[in-house]
Amino acid sequence: MKSKKIAIIIFCLAGLLIVIGIVLIIFPGNLLEREDGQNNDTNSTNSESLMYNEEYMNLHTTVENTLGLVDNNLINYYPIENFQNMSSEKKTEFLIKVLSNGQSISKTALEEEKSKYFSSDAKLIYKNFDVDDYTFNYNEETGQYTKRAQQYKNYFIESKVVDEQLTDNSWVVEKAVYFLKSTSLPDLFPQKVYTTVEDAKKDKNSIYTINNADELLSIEENYNKIKDKLTVYKYTLKKDNDIYKIQSIEKE
C-alpha cells in the first residue's frame with residue numbers, strides 16, 4: 001500500500017515538474033516576443049518621427065526659398081493683399097525674374113514654373129518687358145524671351161523670421177525686411193543698411209553701417225540695435241496640391 005502511495009506521489013511530482021517546465025519555456029518566449037514587439041513599435045515611432053522631421057525640413061526649405069524669390073522680385077509692390085489675383089502682367093514679370101539666370105526663357109518654362117506660385121488657371125501675358133533691372137524681348141514665332149540688357153542693382157534684400165505658425169492647411173510667416181548696399185569683393189565693407197527699397201536705390205537714410213564681421217546683423221546683439229526700425233510683413237500661404245502657395249503679404 002505504501003509503495004502505491006509513493007508511486008502516486010512521485011507521478012504527481014513528475015507531472016508538476018513537467019507543467020512547471022512547460023510554463024518556464026513558454027512564458028520567457030512570450031515575454032521576449034512582447035519586448036521585441038515593444039521595440040518594433042518604438043523603432044517604428046522613431047522612424048515615423050524622423051520621416052516627419054525630414055519632410056518638414058524639406059518643406060520648410062522650399063517655403064523659405066519661395067519667400068526669398070518673392071522678396072527679391074516683388075518687394076516694390078508690397079504689401080500685396082491678394083497674391084493670387086495679381087495682374088497677368090505682374091505674374092509674368094515675376095516668373096521672368098525668377099527664371100532670369102539664363103540668357104533666354106521659353107513660354108513653356110514659364111507655364112511650368114507658374115504652378116509653383118499660382119493657381120493652375122492663372123493667365124500669363126506674353127509681350128516685351130522693360131522693368132527695374134531687366135529688359136526682355138519676346139519672340140512670338142519661337143515662344144522665347146531673350147535678355148537684351150541688365151542694369152546693376154545697387155542693393156540686395158535680407159530678412160529675419162520673427163514668427164511662424166504652421167497648421168495642416170496654412171503657413172503664416174512674419175519677417176522683418178531690410179536692405180543692404182551691394183559691395184564688390186574684396187572690399188566687402190562698409191555695408192549700409194536701409195529700411196526701404198527706395199532709400200536703398202537712392203543710397204540715403206541708412207540706419208546702420210556694417211564696418212567689419214563683428215558688426216554683421218547675423219549677430220543677435222547687432223540685429224537688436226535696428227529691429228525696432230524694420231518693417232515686418234506677414235506672409236500667408238495655403239496648401240494647394242501639397243504646395244504652399246502665397247495668398248497675401250500684409251504689412252504689420
Side-chain angles (χ1 to χ4, degrees), residues 52-53 55-98 113-122 131-133 153 155-181 192-202 205-208 210 216-252:
Y52 172 79
N53 288 336
E55 182 180 354
Y56 169 75
M57 290 307 296
N58 291 338
L59 190 58
H60 193 276
T61 300
T62 301
V63 169
E64 279 189 335
N65 291 341
T66 296
L67 296 184
L69 286 169
V70 172
D71 283 345
N72 275 290
N73 297 312
L74 289 178
I75 189 69
N76 287 302
Y77 310 120
Y78 284 4
I80 302 174
E81 291 184 7
N82 194 321
F83 188 85
Q84 295 299 319
N85 280 352
M86 284 195 307
S87 68
S88 296
E89 184 170 340
K90 287 289 184 289
K91 289 175 182 175
T92 310
E93 180 183 315
F94 166 67
L95 293 172
I96 286 174
K97 288 184 176 182
V98 169
E113 191 73 11
K114 174 181 71 175
S115 63
K116 297 180 182 178
Y117 306 94
F118 307 108
S119 61
S120 58
D121 60 351
V131 294
D132 289 342
D133 41 10
K153 188 185 292 186
Y155 68 91
F156 59 96
I157 188 171
E158 289 286 333
S159 63
K160 182 178 176 65
V161 174
V162 295
D163 192 28
E164 193 171 10
Q165 296 177 6
L166 173 65
T167 65
D168 289 340
N169 295 309
S170 67
W171 202 324
V172 177
V173 181
E174 293 184 9
K175 295 201 303 178
V177 174
Y178 56 94
F179 306 85
L180 293 175
K181 182 177 176 61
K192 294 180 181 179
V193 182
Y194 311 88
T195 58
T196 69
V197 65
E198 291 79 15
D199 284 346
K201 288 178 178 179
K202 296 176 182 178
N205 302 325
S206 65
I207 61 168
Y208 183 74
I210 303 171
L216 289 172
L217 294 177
S218 56
I219 300 173
E220 198 71 20
E221 182 181 352
N222 296 330
Y223 171 77
N224 288 338
K225 296 175 183 176
I226 69 164
K227 67 178 184 179
D228 293 336
K229 299 178 181 180
L230 302 181
T231 302
V232 175
Y233 291 100
K234 182 173 78 172
Y235 306 74
T236 300
L237 303 93
K238 288 190 177 180
K239 199 171 187 179
D240 178 14
N241 292 326
D242 293 327
I243 299 176
Y244 282 91
K245 296 181 180 179
I246 300 174
Q247 304 300 306
S248 63
I249 303 171
E250 303 170 70
K251 186 175 180 180
E252 291 288 273

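Residue numbers count from 1 along this sequence.
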Applying side chain to side chain contact (heavy atoms under 4.5 Å, CB included) to Ile80 and Lys90, what does each step give before you reach the verdict? CA-CA 11 Å; Ile80 302 174; Lys90 287 289 184 289; over 6 Å; no
Please report the C-alpha distance between Lys239 and Asp168 in whole Å, then the side-chain angles of each, then the deciding distance to 0.1 Å, and finally whether the side chain to side chain contact (heavy atoms under 4.5 Å, CB included) criterion is met. CA-CA 8 Å; Lys239 199 171 187 179; Asp168 289 340; over 6 Å; no
Go through Glu250 and Thr236 one step at a time and tell me if the side chain to side chain contact (heavy atoms under 4.5 Å, CB included) criterion holds. CA-CA 8 Å; Glu250 303 170 70; Thr236 300; 4.1 Å; yes
Checking Lys227 against Glu220 for the salt bridge (Lys or Arg N to Asp or Glu O under 4.0 Å) test, could you report, in this order, the C-alpha distance in whole Å, the side-chain angles of both residues, the deciding distance, and whether it holds? CA-CA 10 Å; Lys227 67 178 184 179; Glu220 198 71 20; over 6 Å; no
Criterion salt bridge (Lys or Arg N to Asp or Glu O under 4.0 Å) on Asp163 and Lys234, from CA distance to verdict: CA-CA 9 Å; Asp163 192 28; Lys234 182 173 78 172; over 6 Å; no
Decide ring-ring contact (aromatic ring centres under 6.0 Å, His included) for Tyr194 and Tyr155; before the verdict, give the C-alpha distance in whole Å, the side-chain angles of both, and the deciding distance to 0.1 Å. CA-CA 9 Å; Tyr194 311 88; Tyr155 68 91; 8.6 Å; no
Could you go step by step and tell me if Tyr223 and Glu221 meet the side chain to side chain contact (heavy atoms under 4.5 Å, CB included) rule? CA-CA 6 Å; Tyr223 171 77; Glu221 182 181 352; over 6 Å; no
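In plain terms, the two heavy atoms of Ile249 and Tyr78 that are nearest each other are CD1-CE1, 3.4 Å. Residues Ser120 and Lys114 come closest through the heavy atom pair O-NZ, 3.5 Å. Asp121 and Ser119 make their closest contact through OD1-OG, 2.6 Å (heavy atoms, listed as atom of the first residue, atom of the second, distance). Heavy atoms only, all atoms of each residue included: Leu217 and Ile226 are closest at CD1-CD1, 3.6 Å.
Using a 4.5 Å heavy-atom threshold, the side chains of Leu230 and Thr195 count as touching. Residues Ile75 and Phe179 meet the side-chain proximity criterion, which asks for heavy atoms closer than 4.5 Å. Residues Lys116 and Val98 fail the side-chain proximity criterion, which asks for heavy atoms closer than 4.5 Å. Considering only heavy atoms from C-beta on, Val177 comes within 4.5 Å of Ile157 through its side chain. Considering only heavy atoms from C-beta on, Val172 stays 4.5 Å or farther from Glu164 through its side chain. By the 4.5 Å heavy-atom criterion applied to side chains, Lys192 and Leu180 are not counted as neighbours.
Taken to the nearest 0.5 Å, the CG atom of Asn222 stands 8.0 Å off from the CD1 atom of Ile210. Note that OG of Ser159 is 5.5 Å distant from CG of Asp71, once rounded to the nearest 0.5 Å. Taking OG1 from Thr196 and NZ from Lys201, the interatomic distance works out to 10.0 Å, rounded to the nearest 0.5 Å. Interatomic distance, CG of Asn82 versus OG of Ser248, reported as 7.5 Å (0.5 Å rounding). With rounding to the nearest 0.5 Å, the separation of NZ in Lys225 from CD1 in Ile219 is 9.0 Å. Going from atom CG of Asp199 over to atom NZ of Lys181 covers 12.5 Å, rounded to the nearest 0.5 Å.
Ring pair Trp171/His60 is tilted by interplanar angle, where 30° to 60° counts as tilted. Relative orientation of the Phe94 and Phe83 rings is perpendicular, given thresholds of 30° and 60° on the angle between their planes.
Side-chain N or O atoms of Lys245 include one that pairs as donor or acceptor with a backbone N or O of Phe118 at under 3.5 Å. A donor-acceptor pair under 3.5 Å is absent between the side-chain atoms of Asp240 and the main chain of Ile243, judged by distance alone. In this structure, the side chain of Glu252 does not engage the main chain of Glu174 through any donor-acceptor pair within 3.5 Å. Put simply, the side chain of Gln84 gets close to the backbone of Tyr117: a donor and an acceptor are under 3.5 Å apart.
Under the side-chain contact (heavy atoms from CB on, under 4.5 Å) rule, Tyr244 has a single partner from Thr62, Leu166, Val173, Asn169, which is Leu166.
The environment of CG in Asn241 is sparse: at most 12 heavy-atom neighbours from other residues, nucleotides or ligands sit within 6.0 Å. Around atom NZ of Lys238, no more than 12 heavy atoms belonging to other residues, nucleotides or ligands sit under 6.0 Å away. Heavy-atom contacts from other residues, nucleotides or ligands closer than 6.0 Å to NZ of Lys251 number 12 or fewer.
Residues Glu93 and Tyr77 have side chains that bring a donor and an acceptor to within less than 3.5 angstrom of each other. Side-chain atoms of Lys91 and Asn85 form no donor-acceptor pair, as typed in the model, at a separation below 3.5 Å.
At a threshold of 4.0 Å, the pair Glu198-Lys202 does not count as salt-bridged, since none of the basic side-chain nitrogens sits closer than that to a carboxylate oxygen.
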